[in-house]
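Numbering starts at 1 and runs along the sequence shown. Whatever order the structure lists them in is the order used to number ligands and atoms, beginning at 1.
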Amino acid sequence: MGVLNVTPDSFSDGGRYLDHDAAVARGLELVAEGADVVDVGGESTRPGAEPVSAAEEKRRVLQVVEALAPHVRVSVDTTKVEVADAAIDAGATMLNDVTASLYEVAGARGVGFVAMHMQGDPRTMQIEPTYDDVVAEVRDFLVDRAAAAAAAGVKEVWIDPGIGFGKTKDHNLSLLRHLDVLVATGLPVLVGTSRKRFLGELLAASDGAPAGSVVPVDDRLEGSVASAVWAMVRGAGMVRVHDVRAAVQAAKVVAG
Ligand code: HH2
């Protein structure tokens, strides 16, 4: 799954594809690099991000979805019913919902659904994430939402631990180490680690840098690929990435 953010403020590619032509060109590039799905988003969910209106989100994504849909499977990364419905009208066949709540829409419209786990909301989620048992809590939440989605008639439900969404570095690492617990649910698992902050923290730590330092977003490619490989080896069926070419090559090697 290739990431295409049509936003001014996404954490790694914000502002790059806000123009529709640039976004479509980038989407086609992701297809040429081997993406099976292009995930189009019009609202950043990075920590601290401010919400945008449904009208603005639709203005950002709909033309892009429509232009890409003849070429590749398109998913829409949204938390709003109105945007989801309009994107499906424009050709999206998968709903990627970081709040795991739009399954009624997916069921009614006959599209795939990604249920992702998040603690809190993007504005506040990284302030003090707390769990008794992060792996069990995330699994129980996702199994519950997947059951609700199936009851709403959704035929294709993916579960996603929501790396970085209300989680510390150690929470993220626990979820990755114990990905088998999610895989054991029998539901297909999607994992998104690409360019995320915990990689920046890990990479800085291994350079012997002072506590609290973070490697910048543009220096996280190798870490992103390594974590995608880890997820695939542990049984993830799909990885959500910005650098599709590198991930496709890694996937081929993992598949043997
Ligand atoms: N991560 C981001 C956004 N959407 N969806 C799923 N299912 N899983 C993820 O891990 C995930 C997601 C955050 O990354 P990005 O889209 O690059 O940034 P932003 O939210 O700032 O647009």
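- Within the structure, the closest approach of Phe165 to ligand 1 falls below 4.0 Å when heavy atoms are considered.
- For Asn5 (side chain) and Thr7 (main-chain N/O), no donor-acceptor pair under 3.5 Å exists by modelled atom type.
- Checked by distance only, ligand 1 and Thr7 stay at 3.5 Å or farther apart across all their nitrogen or oxygen atoms.
- Formation of a donor-acceptor pair under 3.5 Å by the Gln119 side chain with backbone atoms of Thr130 is found in this model.
- Remark: minimum distance from atom 5 (N) of ligand 1 to any protein heavy atom is reached at Asn96 ND2, 3.1 Å.
- With hydrogens and angles disregarded, no donor-acceptor distance shorter than 3.5 Å links the side chain of Glu29 to the backbone of Ala25.
- Distance from atom 16 (O) of ligand 1 to its nearest protein heavy atom, with residue and atom name: Arg240 NH2, 2.8 Å.
- Of the N or O atoms in His242, one or more lie within a sub-3.5 Å distance of an N or O in ligand 1.
- At a threshold of 4.5 Å between non-hydrogen side-chain atoms, the residues Glu33 and Val248 do not count as touching.
- If you number the atoms of ligand 1 from 1 as listed, the ones under 4.0 Å from a heavy atom of Leu190 come out as 7 (N).
- Residue, atom and distance of the protein heavy atom nearest to atom 18 (O) of ligand 1 are Phe11 CD2, 3.3 Å.
- We find that Arg60 and Glu57 are not joined by a salt bridge, their nearest charged nitrogen and carboxylate oxygen being 4.0 Å or further apart.
- Of the listed residues (Val3, Asp160, Ile159, Thr79), the one carrying the non-hydrogen atom nearest atom 8 (N) of ligand 1 is Asp160.
- An N or O contact shorter than 3.5 Å links Ser10 to ligand 1 by distance.
- For Arg73 and Asp36, the salt-bridge test fails: no basic side-chain N is under 4.0 Å from an acidic carboxylate O.
- Here Thr45 has heavy atoms under 4.0 Å from ligand 1 in both its backbone and its side chain.
- Heavy-atom contacts of Asn5 reach the following atoms of ligand 1: 15 (P), 16 (O), 17 (O), 18 (O), 22 (O) (cutoff under 4.0 Å).
- Look at Asp13 and Arg195 and you find no salt bridge, because none of the NZ, NE, NH1 or NH2 atoms lies under 4.0 Å from a carboxylate O.
- At least one donor-acceptor pair closer than 3.5 Å links the side chain of Ser53 to the backbone N or O of Glu56.
- Of all atoms in ligand 1, numbered sequentially from 1 with element shown, those under 4.0 Å from a heavy atom of Gly192 are 10 (O).
- Between Lys196 and ligand 1, at least one N/O pair is under 3.5 Å apart.
- What sits closest to atom 21 (O) of ligand 1 on the protein, heavy atoms only, is Ser44 OG, 2.7 Å.
- Salt bridge status for Arg145 with Asp97: absent, with no side-chain N to carboxylate O gap under 4.0 Å.
- For Asp13, no heavy-atom contact with ligand 1 is shorter than 4.0 Å.
- Using a distance-only test at 3.5 Å, with no hydrogens or angles considered, no donor-acceptor pair links the side chain of Lys58 to the main chain of Ala86.
- Neither the backbone nor the side chain of Thr193 comes within 4.0 Å of ligand 1, counting heavy atoms alone.
- A distance-only check finds a donor-acceptor pair linking the side chain of Gln126 to the backbone of Lys167 [under 3.5 Å].
- With hydrogens left out, the protein atom closest to atom 4 (N) of ligand 1 is Asp77 OD2, 2.9 Å, a heavy atom.
- Applying the ring-ring contact (aromatic ring centres under 6.0 Å, His included) test to pairs two or more places apart or on separate chains, none has a residue in residues 15-48.
- Close approach to Val114 involves these atoms of ligand 1, each under 4.0 Å from a residue heavy atom: 7 (N).
- Considering backbone and side-chain atoms alike, Met116 places every N or O at 3.5 Å or more from each N or O of ligand 1.
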